[in-house]
Asks: 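Attaching a single structure in structure tokens format; questions to follow.
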Amino acid sequence: MNFPKTRYFKATGNFKAEGRIYLKDKVYPAYLMEDTPGYGKAARFYDLSAENGQFNFGNNLLDELPYEWDVVEVNEKGDEI
């Protein structure tokens with residue numbers, strides 16, 4: 001299975017998730033982390049940036065973000081996809 005190296009999410013409103021801050025209209029990258037030492041079977045995940053930290057998500061959970069958070073998936077220019 002091919003995974004994109006970077007996925008982008010744009011906040012549709014200001015919000016906090018577990019203390020991490022996202023600002024309306026700002027685009028946040030999620031970088032694919034592969035073969036990361038110390039993660040065992042979870043050696044492939046996405047590192048999603050925030051204003052004050054990051055989250056680690058599997059690809060399947062990243063797909064659910066637009067349904068759970070105030071975000072939409074966008075391209076690197078910020079256009080909704």
Side-chain angles (χ1 to χ4, degrees):
M1 178 175 261
N2 263 345
F3 292 92
K5 293 293 182 190
T6 307
R7 293 175 66 180
Y8 300 91
F9 294 88
K10 184 177 184 178
T12 57
N14 294 330
F15 69 95
K16 278 186 182 179
E18 295 184 21
R20 291 157 184 97
I21 298 168
Y22 293 87
L23 302 176
K24 182 179 180 181
D25 294 328
K26 188 158 181 190
V27 175
Y28 296 92
Y31 301 106
L32 180 62
M33 309 297 284
E34 292 188 277
D35 302 322
T36 305
Y39 284 89
K41 290 183 179 180
R44 181 184 292 129
F45 60 90
Y46 281 91
D47 184 73
L48 175 65
S49 301
E51 291 297 314
N52 59 338
Q54 68 275 341
F55 281 103
N56 294 332
F57 288 107
N59 193 59
N60 59 328
L61 290 177
L62 213 56
D63 290 341
E64 298 298 317
L65 281 186
Y67 304 106
E68 302 294 329
W69 290 2
D70 293 332
V71 298
V72 293
E73 190 160 6
V74 296
N75 62 24
E76 62 186 78
K77 296 179 183 177
D79 300 322
E80 194 169 338
I81 55 175

Asks: Using every non-hydrogen atom in the two residues, find where Tyr22 and Ser49 come nearest and quote the distance to one decimal.
Replies: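 Looks like CE2-O, 3.2 Å.
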Asks: Shared ILVMFWY cluster between Ile21 and Val27, side chains joined below 4.5 angstrom?
Replies: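 No, separate clusters.
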Asks: List in chain and number order the residues that pass side-chain hydrogen bond (donor to acceptor under 3.5 Å, both in side chains) with Lys24, two or more places apart in sequence or in another chain; answer none if no residue qualifies.
Replies: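 With neighbours one apart ignored, the set is empty.
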Asks: Using side-chain heavy atoms (C-beta onward) and a distance below 4.5 Å, is Phe57 in contact with Leu65?
Replies: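 Side-chain contact under 4.5 Å: yes.
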Asks: Apply side chain to side chain contact (heavy atoms under 4.5 Å, CB included) to Val74 and Asp79, showing your working.
Replies: CA-CA 5 Å; Val74 296; Asp79 300 322; 5.8 Å; no
Asks: Counting C-beta onward and ignoring hydrogens, is there a side-chain heavy-atom pair between Phe9 and Leu48 closer than 4.5 Å?
Replies: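 They are in contact (side-chain heavy atoms under 4.5 Å apart), so the answer is yes.
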Asks: Backbone N or O of Gln54 within a donor-acceptor pair of the Tyr28 side chain at under 3.5 Å?
Replies: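 Checking the backbone N and O of Gln54 against the side chain of Tyr28, no donor-acceptor pair under 3.5 Å is found.
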Asks: For Lys77, give me all partners under side-chain hydrogen bond (donor to acceptor under 3.5 Å, both in side chains), at least two apart in sequence or on another chain.
Replies: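 Per chain and number, Lys77 pairs via side-chain hydrogen bond (donor to acceptor under 3.5 Å, both in side chains) with no residue.
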Asks: How close do Ala30 and Leu62 get, heavy atom to heavy atom, and via which atoms?
Replies: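 For Ala30 versus Leu62, the nearest heavy atoms are CB-CD2, 4.0 Å.
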Asks: Can you find a heavy atom in the side chain of Leu61 that is under 4.5 Å from one in the side chain of Phe45?
Replies: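 A side-chain contact under 4.5 Å is absent here.
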Asks: Among all residues two or more places apart in sequence or in another chain, which pass the side chain to side chain contact (heavy atoms under 4.5 Å, CB included) test with Leu32?
Replies: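 In terms of side chain to side chain contact (heavy atoms under 4.5 Å, CB included), with neighbours along the sequence ignored, Leu32 is linked to Phe3, Lys5, Glu34, Arg44, Tyr46.
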Asks: Not counting sequence neighbours, list each pair that qualifies as a side chain to side chain donor-acceptor pair (under 3.5 Å) and has a residue in residues 8-18.
Replies: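 Every pair satisfying side chain to side chain donor-acceptor pair (under 3.5 Å) with a residue in residues 8-18: there are none.
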Asks: Applying salt bridge (Lys or Arg N to Asp or Glu O under 4.0 Å), can you list everything that pairs with Lys26, at least two apart in sequence or on another chain?
Replies: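 Counting only residues at least two positions away or on another chain, Lys26 forms a salt bridge (Lys or Arg N to Asp or Glu O under 4.0 Å) with Glu51.
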Asks: Show me the pairs that pass side chain to side chain donor-acceptor pair (under 3.5 Å) and involve residues 60-76, at least two apart or across chains.
Replies: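 Only Arg7-Asp63, Arg7-Glu73 qualify under side chain to side chain donor-acceptor pair (under 3.5 Å).
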